[in-house]
Amino acid sequence: MTFDVIVIGSGQAGVPLATRLAAAGRRVLIAERGDFGGTCVNTGCTPTKTMMASARAAHVARTSDRLGVHAKQVEVDFAAIVKRKDEIVRRWSEGVGHRLEADHLTVARGHARFVGERKVEVAGEIHEAKDIVINVGARPVVPPTDGLASVPSLDNATVMQLRELPSHLLVLGGGYIGCEFGQMFRRFGARVTILDHHQHLLSREDPEISAALEEVFRKEGIDLELGAKAASVSGRAGEISLRLAGGKELRGSHLLVAAGRRPNTDDLGCEKAGVALDGKGIVVTDDEYRTSAPGIHAVGDVTGGPQFTHTSWDDHRLLFDILLGRSRKGRRGRFVPYTVFTDPQVAGVGLSERQAREGNVAFEAATMPFGNIARAIEVDETAGVMKVLIDPKTERVLGAAIVGAEAGELIHIFVTLMQAGASARAIVDAEFVHPTFSEGVQSLVMKLERFSLR
Ligand SMILES: Cc1cc2nc3c(=O)[nH]c(=O)nc-3n(C[C@H](O)[C@H](O)[C@H](O)COP(=O)(O)OP(=O)(O)OC[C@H]3O[C@@H](n4cnc5c(N)ncnc54)[C@H](O)[C@@H]3O)c2cc1C
C-alpha cells in the first residue's frame with residue numbers, strides 16, 4: 001500500500017511522531033516487531049525504575065535505625081517485585097497500543113525491512129511512502145570475551161525476567177545500566193560484583209563524580225573490580241567463572257552483561273534503500289535527521305547517541321516540525337541532560353571538566369559536597385558531590401554534574417538556565433526555598449569566586 005509516512009519502530013520517537021502526523025491528516029503506517037513502546041517501556045526505563053523503587057524501600061527499611069526507627073525484619077519478596085513490574089510494564093505497553101488506534105494510522109505487526117528506495121516490507125506486504133522514519137532502537141552488545149557465547153548470561157531484558165534472586169550476580173560493565181542493576185540486586189539481597197576495564201564506574205564522568213558513587217557502592221557491600229579486563233568466561237547455570245586479564249578469578253551464580261548497546265540495523269536492509277551506516281551499524285544522519293537516502297530520516301538510539309528516552313522523544317518533536325515544513329531547526333546545539341538512577345542519583349548536562357580541558361574551553365569550576373546542604377543532613381542523605389563549570393566571559397553554565405539525592409530533578413535548574421542562555425548569576429539572585437536540596441545548587445554557584453558573598 002502507499003502511505004504518506006512509514007515509521008519503523010514504536011519507540012520513544014516513533015509513537016508520538018506517528019500519532020501526531022496522523023492527527024495532522026497524514027496517512028501513516030507504523031511497523032513494530034515486538035511489544036509496543038520499545039526499550040524504554042518494556043526492558044529499559046519503566047521496569048528498571050519500578051524495580052528500583054522496591055530496592056530503595058528495602059534499603060530505607062534496613063537502614064532506618066539511623067533515623068531512630070527500628071524495623072524489626074526486612075524481607076524482600078522478589079517474586080512480588082517482579083510481578084508488580086510486569087503489571088506496570090503491561091499497562092504502559094497496552095496504553096501505547098491504544099494510542100496507536102487512531103484515524104489515518106495503520107499498524108503493521110512484524111519485522112520491517114527495506115526492499116528498495118522508499119519501499120518497506122512488513123509481514124509479507126510491501127508498502128511505499130514519500131517519507132520513511134527509522135526508529136528501530138538498539139540492543140545489548142555481547143563483547144568478544146573468550147567463552148562468553150557458550151555460557152548462560154543475562155542482559156537488561158532477561159535479568160528482569162528472573163523469578164528467583166541470584167545468590168551472586170557478576171555484572172560485566174560499570175556504565176549506567178550495570179550500576180543501576182548492580183545496586184538494585186545488592187539491595188534485594190544478592191551478592192554483587194561489578195567489573196569494568198576503566199579505572200572508574202561511569203567512566204565518562206569526572207573522577208570525583210564516579211568516586212562519590214563508588215564510595216556509596218562499597219559501603220553497601222558491592223564488590224568493584226575496576227581497571228580489570230575480563231579475559232574469559234566459563235561455567236554453567238548457577239556457577240559462572242570469570243577470569244580477569246591478570247589471572248584473578250571471579251565466581252558468581254549469574255552473569256549480567258551490560259557492556260554497551262548496538263543499533264538494530266543488521267537486518268533492516270538499509271543497503272537496499274541507500275541508507276548509509278557507519279562501522280558500528282549506526283545510521284548516519286545530519287542535524288536534521290536526514291540519512292543518505294532522500295526522504296528517509298532516522299531518530300533515537302539508532303542514530304548513535306546520546307541514547308536516552310527524552311532524547312528520542314525530543315528527536316520526534318524536532319523532526320515533526322521538519323516533516324511538516326514548519327521549521328528546519330534540528331538538534332544542533334541542544335543540551336542533553338541525563339540521570340543515572342542509582343541511589344544517590346548521578347545527573348549531568350553539558351561539559352564535564354575533562355571535556356572542557358580536552359576541548360581547550362576556558363572555564364571556572366566549583367565543587368561542593370552534597371553533605372553541605374541542610375536538607376541533606378536533616379534527611380540523612382548526605383552522600384554525593386555537586387560540580388558546575390561556567391564560561392568566565394559570559395557567566396553562562398557550560399556544564400554541571402550532581403551526585404546526590406534527587407540529582408535527576410536538581411539538574412533541571414541548570415538545563416533551563418543553559419537553554420535560556422542566562423548567566424549563572426540568575427541562580428544567585430533567585431530566592432530558593434529553605435530547606436530544599438535545590439538550595440545546594442545556589443550554594444554551589446556561590447562557591448565560584450565571582451559569586452561569593454564575602
Ligand atoms: C536497562 C535500561 C534502562 C534505561 N533507562 C533509561 C532511563 O532511565 N532514562 C532514559 O532516558 N533512557 C533510559 N534507557 C534508554 C532508553 O530506553 C532508550 O534510549 C529509548 O528507549 C530510546 O529508544 P528509541 O526510540 O530509539 O527506540 P526503542 O525504544 O528501542 O524502540 C525501537 C522499537 O523498534 C522496534 N524494531 C526494531 N527493529 C525493527 C524492525 N526491523 N521492524 C519493526 N520494528 C522494529 C523494536 O521492537 C522497538 O520496539 C534505558 C535503557 C536500558 C536498556
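One-based numbering, in listed order, for ligands and for the atoms of each.
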Next item on the list: State, yes or no, whether a side-chain contact exists between F217 and V192 at a heavy-atom distance under 4.5 Å.
Entry: no

Next item on the list: Answer yes or no: is there an ion pair linking R91 with E87, defined by an N-O contact shorter than 4.0 Å?
Entry: no

Check: L268 heavy atoms, cut-off 4.0 Å: which ligand 1 atoms fall inside?
Finding: 41 (N)

Next item on the list: Give the atoms of ligand 1, by number and element, whose distance to some non-hydrogen atom of G9 is under 4.0 Å.
Entry: 33 (C), 34 (O), 35 (C)

Notebook entry, point to check: What is the nearest protein non-hydrogen atom to atom 5 (N) of ligand 1, stated with its residue, atom name and distance?
Noted result: K49 NZ, 3.1 Å

Margin query: Considering non-hydrogen atoms of the protein only, which is the closest contact for atom 32 (C) of ligand 1, and what is the distance?
Written below: N135 O, 3.2 Å

Item checked: Atoms in ligand 1 flagged as close to A112, the criterion being non-hydrogen separation under 4.0 Å -> 40 (C), 41 (N), 42 (N), 43 (C)

Check: Any Lys/Arg nitrogen of R26 or D4 sitting under 4.0 Å from an Asp/Glu carboxylate oxygen of the other?
Finding: no

Item checked: Carboxylate-amine/guanidinium proximity below 4.0 Å for E239 and R236 -> yes

Next item on the list: Starting from atom 10 (C) of ligand 1, find the nearest protein heavy-atom neighbour and note its residue, name and distance.
Entry: T309 N, 3.5 Å

Checklist line | Proximal ligand 1 atoms for Q307, defined as those under 4.0 Å from one of its heavy atoms | finding: 15 (C), 19 (O)

Item checked: Electrostatic pair D206:K387 at N-O distance under 4.0 angstrom -> yes

Check: Where is the nearest protein heavy atom to atom 19 (O) of ligand 1: which residue, which atom, and how far?
Finding: D301 OD1, 2.9 Å

Next item on the list: Find all atoms of ligand 1 within a distance of less than 4.0 Å from any non-hydrogen atom belonging to G110, and give their numbers and elements.
Entry: 42 (N), 43 (C)

Next item on the list: Below 4.0 angstrom from a heavy atom of T43, which ligand 1 atoms are there? Numbered from 1 as shown, please.
Entry: 1 (C)

Margin query: Tell me whether D86 is salt-bridged to R163, with the criterion being a basic N under 4.0 Å from an acidic carboxylate O.
Written below: yes

Item checked: Closest approach of any protein heavy atom to atom 31 (O) of ligand 1, naming residue and atom -> G11 CA, 3.3 Å

Check: What protein heavy atom sits nearest atom 49 (O) of ligand 1, and how far off is it?
Finding: E32 OE1, 2.7 Å

Notebook entry, point to check: Quick one: does R262's side chain have a donor or acceptor within less than 3.5 Å of a partner on V141's backbone?
Noted result: no

Notebook entry, point to check: Is the NZ atom of K83 crowded by more than 12 outside heavy atoms at less than 6.0 Å?
Noted result: no

Next item on the list: Specify the protein heavy atom at minimum distance from atom 25 (O) of ligand 1: its residue, its atom name, and the distance to 0.1 Å.
Entry: S312 OG, 2.7 Å

Notebook entry, point to check: For ligand 1, is there an atom lying under 4.0 Å from some heavy atom of P140?
Noted result: no

Item checked: Taking atom 44 (N) of ligand 1 as the reference point, the nearest protein heavy atom with its distance -> R33 N, 3.2 Å

Checklist line | Ion pair R375/E439, N-O distance below 4.0 Å | finding: no

Notebook entry, point to check: Under 6.0 Å between the ring centres of H310 and W313?
Noted result: no

Margin query: Are any of the N/O atoms on I177, whether in the backbone or the side chain, positioned under 3.5 angstrom from an N/O atom of ligand 1?
Written below: no

